[in-house]
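Only one structure is covered here, and it is reproduced in the block below.
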Amino acid sequence: MLKQPIPTKIYLSEDEMPKAWYNLRADMDPLPPLLNPETRKPCTKEELEAIFCKGCVEQELNETDRYIAIPDEVREFYKMYRPSPLVRAYWLEKALGTPAEIYYKHEGNNTSGSHKLNSAVAQAYYAKQEGIKSLTTETGAGQWGTALSMASAFYGLDLTVYMVKVSAEQKPFRREVMRTYGANVIPSPSETTEVGRKILEKHPGTGGSLGCAISEAVEKATSTENCRYGLGSVLNHVLLHQSVIGLESKVALEKYGVKPDIIIGCAGGGSNLGGLIAPFMGEKLRGEADYRFIAVEPETCPSLTRGKYVYDFGDTGKITPLMKMYTLGHDYIPALTHAGGLRYHGMNTVISALYDKGYMEATSVSQTKVFEAATLFAKTEGILPAPESSHAIRVAIDEALKCKESGEKKVILFGLTGTGYFDLFAYKRFNDGEMVDYAPSDEEIENALAKL
Ligand SMILES: *Cc1c(COP(=O)(O)O)cnc(C)c1O
């Protein structure tokens, strides 16, 4: 095999960018279907099309086509910021004194500051194609709202973003980026929807959560003419779009004859992780290769590690379809961690099924440990990472330190999902020594699960 010195960054040419998304479900057993919340029967295409664009629904229900072509217009947009670099973390390896090789796929090289643009562009493209005039969505940390704002501006669609209230307060400048791209940003829960008013009545003074904001955005989409809802994670069409992360990583590593032993991703709703691992997991499922996969979640919101694998709603207001997933319960409002993008009670159904069947591992980490890792990464690799991404950095460092003890020369790949320039409030808390950890008690989790 070709073995030449590996440069710090492996760039692909635009030609090497994937021409099709990879649909991991084609290599899996069929998943438990989405259920209509009222009838508890499998959701029909028509029901889903009342909420989402047709192009996305078709992909959501497609469990058979292994590859789905990326429309030319979407590929052209991707070229504004893709292919993204795959970086060898030489300086981090050196600082750790590990024999392990560490690589990261850097998805923060665009204005949204995260991988979320990969799906936003596709969703806005299908909406435009179908004659939809406006979109609604929710945003936690703000990356998804920014990504969909960028995509909506590009395709000339109006956008309303329900932004989790605490994030809106902690990151006022995020809101200005979205407004610059023309989005209308409303802190959630709000008085503008029926479900928002109900949540405010039940939890006065709440800082909100992704689950609440989703309820509001879905209500707005279904009650507005020619309007659809776009989701930034959790659903399988989003995972499909994010497969570009894994496909590019695989091509780049193969170019240098490198095969990862361990693949690590942070897990909020599961989209970046699902996208990163997809082509590698496909090989594992087909018996062609073996890898270790690790999902990393915050200890405040441990859906995989402490949740239950059952049917649950995707939102707090119980208006979304039911999904069979690892969940802490739709009523669970996670404590305020600084990784807003990971504060989601549930988990994508593909990731949930793979974890349930033992194809992957999961672990949870505390935020002070996460920020220690973020700081070391910033000092050695020069990039200020997002708190969400730093969950993956934490575990990559821990695995590299295990190699230092055992002397094993493992190859570690992790997803650097975004940059932390809008998370300086969190970095301030950490630098001032004011960051505290919080793990929910068993009782708290049992109470939330009891309501299922
Ligand atoms: C949204 C987000 C995540 C988590 O979302 P997933 O769907 O689990 O990938 C992770 N990192 C960043 C930077 C994000 O914006």
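Everything quoted here is computed from the prediction, not taken from an experiment. Both ligands and their constituent atoms are indexed starting at 1 by order of listing. Start at 1 with the first residue, then count along the sequence.
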Glu248 side chain vs Ser84 backbone, donor-acceptor pair below 3.5 Å: yes
Heavy-atom donor-acceptor pair, Ser364 side chain to Glu299 backbone, under 3.5 Å: no
Any side-chain heavy-atom pair from Gln143 and Phe422 closer than 4.5 angstrom? no
Mind checking whether Ser389 has an N or O less than 3.5 Å away from an N or O of ligand 1? no
Taking both backbone and side-chain atoms of Ala267, is any N or O found less than 3.5 Å from an N or O belonging to ligand 1? no
So, 4.0 Å and heavy atoms of Ala141: is ligand 1 close enough to count as a contact? no
Glu107 touching ligand 1 at heavy-atom level, < 4.0 angstrom: no
Identity and distance of the protein heavy atom lying nearest [atom]:
atom	value
atom 12 (C) of ligand 1	Thr417 OG1, 3.3 Å
atom 1 (C) of ligand 1	Lys116 NZ, 1.4 Å
atom 8 (O) of ligand 1	Gly268 N, 2.7 Å
atom 4 (C) of ligand 1	Gly341 O, 3.5 Å

With heavy-atom distances below 4.0 Å as the criterion, list the atoms of ligand 1 near [X].
X	result
Ser233	6 (P), 7 (O)
Glu388	10 (C), 11 (N), 12 (C)
Gln143	13 (C), 15 (O)
Ser114	13 (C), 15 (O)
Leu342	4 (C)

Is any NZ, NE, NH1 or NH2 atom of the basic residue among [X] and [Y] found under 4.0 Å from an Asp or Glu carboxylate oxygen of the other?
X	Y	result
Arg82	Glu107	yes
Asp398	Lys402	no
Lys220	Glu216	no

Mind checking whether Ser271 contacts ligand 1 via backbone (N, CA, C, O), side chain (CB onward), both or neither, at a 4.0 Å heavy-atom cut-off? both
Do we see a donor-acceptor contact under 3.5 Å between the side chains of [X] and [Y]?
X	Y	answer
Tyr81	Asn118	yes
Tyr104	Glu381	yes
Tyr155	Glu73	no

